[in-house]
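A short write-up of the structure that comes next.
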Amino acid sequence: MSARLSRKGTCGEMPVARLLWQVAGQMLGSPPCGCWIATPPLRFLGTSPRQIPADANFHSALFSETDQPRVLITGGLGQLGVGLANLLRKRFGKDNVILSDIRKPPDHIFHSGPFIYSDILDYKNLREIVVNNRITWLFHYSALLSAVGEANVSLARAVNITGLHNILDVATEHNLRLFVPSTIGAFGPTSPRNPTPDLCVQRPRTIYGVSKVHAELMGEYYHHRYGLDFRCLRYPGIISADSQPGGGTTDYAVQIFHNALKNGKFECNLKPSTRLPMMYIDDCLRATLEVMEALPESLSMRTYNINAMSFTPEDLAQEVLKHVPEFQITYNVDSVRQAIADSWPMNFDDSNARKDWGWKHDFDLPELVTTMLNFHGSDTRVAQAN
Ligand SMILES: NC(=O)c1ccc[n+]([C@@H]2O[C@H](COP(=O)([O-])OP(=O)(O)OC[C@H]3O[C@@H](n4cnc5c(N)ncnc54)[C@H](O)[C@@H]3O)[C@@H](O)[C@H]2O)c1
Ligand SMILES: C[C@@H](O)[C@H](N)C(=O)O
């Protein structure tokens, strides 16, 4: 929105800009030239989280036991969204959590709770959903990931940057609490890599990374400028058993389990020594809920690294071998993914998340491997029995 607001000679066409314009017009009198002259704080437009006293219990002030958050998840049919919906539905009730995407949901997801079409590039559609469903919390998961982003830069730019602008505006306009995930990919070759702290040089070399740094900065700016309750975690590579990754650099660490049990072999597209931070999905989703429920005064920052473990393909293969003795891994390096991985953190420093809101992971490498193999093993046994 800020780009549109500052565009010379126009009032901008964004809804927030229009609202601000109306309010500014009422307060200041409309300028004869029709151009933008003032930006009153958005809290003039209604109640904002900032108006709650700093010592208040933020969570209970906004939501009583019977007044649960009403949640929208964008991009919910990807690797992480369905798991997040399941977790939030257990906590807030099935009907209080709406999953959305631009793809058609499979039957079991469609019948497991509210699902709605939402294209984040369509602002009016987003606003209609937020208003009609009285949404109070938004988890913004739509994105093009690192490898697919490099294959289609203009689409990644539209979804990850223009789409984010729509999300920020709708969240600000309707006083939503907003979660936007960032990533280890928001760092680049000039960042310290071992470990990577929260605050350091961020010069990523992918459109995905650039768009995530943009999201972090825009969210923090909207927080300071308009009081938007923006919360952001930089996720490591996420490993899940019952959902497929959407085209990232860390995808190998999901696929390896499936192949190990299917045919005892796996061809890895990264070099054996490529070390990256990783996390099991249950830890990732729990961290997401925890940071959303954290008292605002416990958050010394709005964007935090979170971490669990860090390993190479070689380390992972060794751990798989303990359970599948015949397992064989070979390497056929994908130069695009390898260059991306070589520019990313090797270890992530998440001490601020641990200190501020008590972040603690449950899964290290051995538990991760056992859990993943148990899941795929029972899957394979069911398939064989049928
Ligand atoms: N999976 C990981 O390892 C990981 C790690 C770090 C950060 N993240 C972040 O977490 C979020 C979710 O990741 P994921 O792995 O589930 O991603 P994914 O690629 O699996 O899913 C993204 C979803 O976005 C949807 N989408 C694309 N264009 C859209 C549009 N115009 N409107 C609405 N939806 C659209 C897609 O249909 C897809 O279902 C992303 O923001 C990602 O950057 C993921
Ligand atoms: C790390 C993360 O952002 C994603 N899994 C990717 O590799 O692109």
Side-chain angles (χ1 to χ4, degrees), residues 72-85 99-106 109 115-123 125-126 129 138-152 155-167 178-187 196 204 206-216 219 232-240 242-255 269-270 274 276-281 283-285 287-288 303 305-308 310 334 336-338 340-341 343-345 348:
L72 175 66
I73 303 170
T74 67
L77 294 184
Q79 186 191 358
L80 307 185
V82 174
L84 180 68
L99 202 56
S100 73
D101 208 300
I102 51 172
R103 295 192 277 146
K104 202 197 273 185
I109 292 175
F115 178 88
I116 203 162
Y117 170 86
S118 172
D119 181 352
I120 58 156
L121 295 174
D122 180 348
Y123 185 84
N125 168 243
L126 268 179
I129 292 168
L138 201 164
F139 293 80
H140 176 46
Y141 269 4
S142 310
L144 261 66
L145 271 56
S146 56
V148 292
E150 289 312 290
N152 195 341
L155 183 62
R157 197 180 69 174
V159 173
N160 296 8
I161 298 179
T162 310
L164 173 90
H165 293 173
N166 287 339
I167 294 290
L178 173 63
F179 178 83
V180 178
S182 186
T183 163
I184 50 173
F187 297 94
T196 306
T206 60
I207 184 64
Y208 179 59
V210 169
S211 69
K212 290 294 187 178
V213 177
H214 178 77
E216 294 175 6
C232 174
L233 297 179
R234 295 193 190 103
Y235 294 163
I238 305 302
I239 298 165
S240 56
D242 57 357
S243 58
Q244 290 301 310
T249 304
T250 57
D251 292 8
Y252 90 87
V254 178
Q255 202 57 43
N269 55 20
L270 294 180
T274 312
L276 290 167
M278 300 278 186
M279 182 177 283
Y280 184 57
I281 188 168
D283 276 340
C284 165
L285 300 179
T288 303
T303 302
N305 292 350
I306 51 163
N307 195 28
S310 179
D334 172 326
V336 173
R337 283 182 163 86
Q338 187 65 49
I340 295 173
S343 74
W344 282 3
F348 228 22

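Counting convention: from 1, in listed order, for ligands and their atoms alike.
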Open item on the list: Testing L285, I306, I239 one by one against M279 for a side chain to side chain contact (heavy atoms under 4.5 Å, CB included), which residue passes?
Closed with: I306
- [ ] Please work out whether any backbone atom (N, CA, C, O) or any side-chain heavy atom from C-beta onward of S100 is under 4.0 Å from ligand 1, and answer side chain, backbone, both or neither.
- [x] neither
Taking atom types as modelled and ignoring hydrogens, do the side chains of [X] and [Y] form a donor-acceptor contact shorter than 3.5 angstrom?
| X | Y | answer |
| --- | --- | --- |
| S146 | T249 | yes |
| E216 | T303 | no |
| S240 | Y280 | no |

Determine whether [X] and [Y] make a side-chain contact, defined as any pair of heavy atoms from C-beta on separated by less than 4.5 Å.
| X | Y | result |
| --- | --- | --- |
| L164 | H214 | yes |
| Q244 | Q255 | yes |
| V254 | Q79 | yes |
| L276 | P345 | no |
| L233 | P181 | no |
| L126 | S118 | yes |
| T183 | Y208 | yes |

[X] versus ligand 1: do any nitrogen or oxygen atoms come within less than 3.5 Å of each other?
| X | answer |
| --- | --- |
| Q244 | no |
| L80 | yes |
| I120 | yes |

Is the closest heavy atom of [X] to ligand 1 under 4.0 Å?
| X | result |
| --- | --- |
| T74 | no |
| K212 | yes |
| S240 | no |
| G163 | no |
| C284 | no |

Heavy atom of the protein closest to [atom] (residue, atom name, distance):
| atom | answer |
| --- | --- |
| atom 1 (N) of ligand 1 | Q79 OE1, 2.9 Å |
| atom 7 (O) of ligand 2 | T249 N, 2.6 Å |
| atom 4 (C) of ligand 1 | I238 CG1, 4.0 Å |
| atom 36 (C) of ligand 1 | D101 OD1, 3.6 Å |
| atom 21 (O) of ligand 1 | G78 CA, 3.2 Å |
| atom 28 (N) of ligand 1 | I102 CD1, 3.6 Å |
| atom 2 (C) of ligand 2 | T183 OG1, 3.6 Å |
| atom 42 (C) of ligand 1 | Y208 OH, 3.5 Å |
| atom 19 (O) of ligand 1 | L145 CD1, 3.5 Å |
| atom 10 (O) of ligand 1 | P181 CG, 3.4 Å |

With atoms numbered from 1 as shown, which atoms in ligand 1 lie under 4.0 angstrom from a non-hydrogen atom of [X]?
| X | answer |
| --- | --- |
| S118 | 32 (N), 33 (C) |
| T183 | 6 (C), 7 (C) |
| D119 | 30 (C), 31 (N), 32 (N) |
| S182 | 6 (C), 7 (C) |
| R103 | 37 (O), 38 (C), 39 (O) |

- [ ] Measure the spacing between CG of L144 and OG1 of T206 and express it to the nearest 0.5 Å.
- [x] 11.5 Å
Open item on the list: Nearest 0.5 Å, please: how far is CD1 in I167 from OG in S142?
Closed with: 6.5 Å
TODO: Could you walk me through whether I120 and H140 pass the side-chain contact (heavy atoms from CB on, under 4.5 Å) test, one step at a time?
DONE: CA-CA 9 Å; I120 58 156; H140 176 46; 3.6 Å; yes
Counting heavy atoms only, which of [options] comes nearest to [atom]?
| atom | options | answer |
| --- | --- | --- |
| atom 6 (C) of ligand 2 | P236, S146, S182 | S146 |
| atom 3 (O) of ligand 2 | Y235, Y252, W344, Y208 | Y208 |
| atom 22 (C) of ligand 1 | A215, A143, G76 | A143 |
| atom 5 (N) of ligand 2 | T250, L144, T206 | T250 |

- [ ] Specify side chain, backbone, both or neither for I238, according to which of its non-hydrogen atoms lie closer than 4.0 Å to ligand 2.
- [x] neither
Task: Aromatic plane relationship, Y141 with Y235 - under 30° parallel, 30 to 60° tilted, over 60° perpendicular - done: perpendicular
Open item on the list: Run the salt bridge (charged side-chain N to carboxylate O under 4.0 Å, His left out) test on E150 and R337 for me, step by step, so that the C-alpha distance in whole Å, both residues' side-chain angles and the decisive distance to 0.1 Å come before the verdict.
Closed with: CA-CA 10 Å; E150 289 312 290; R337 283 182 163 86; over 6 Å; no
Task: side-chain contact (heavy atoms from CB on, under 4.5 Å) between T74 and F139, intermediate numbers included - done: CA-CA 6 Å; T74 67; F139 293 80; over 6 Å; no
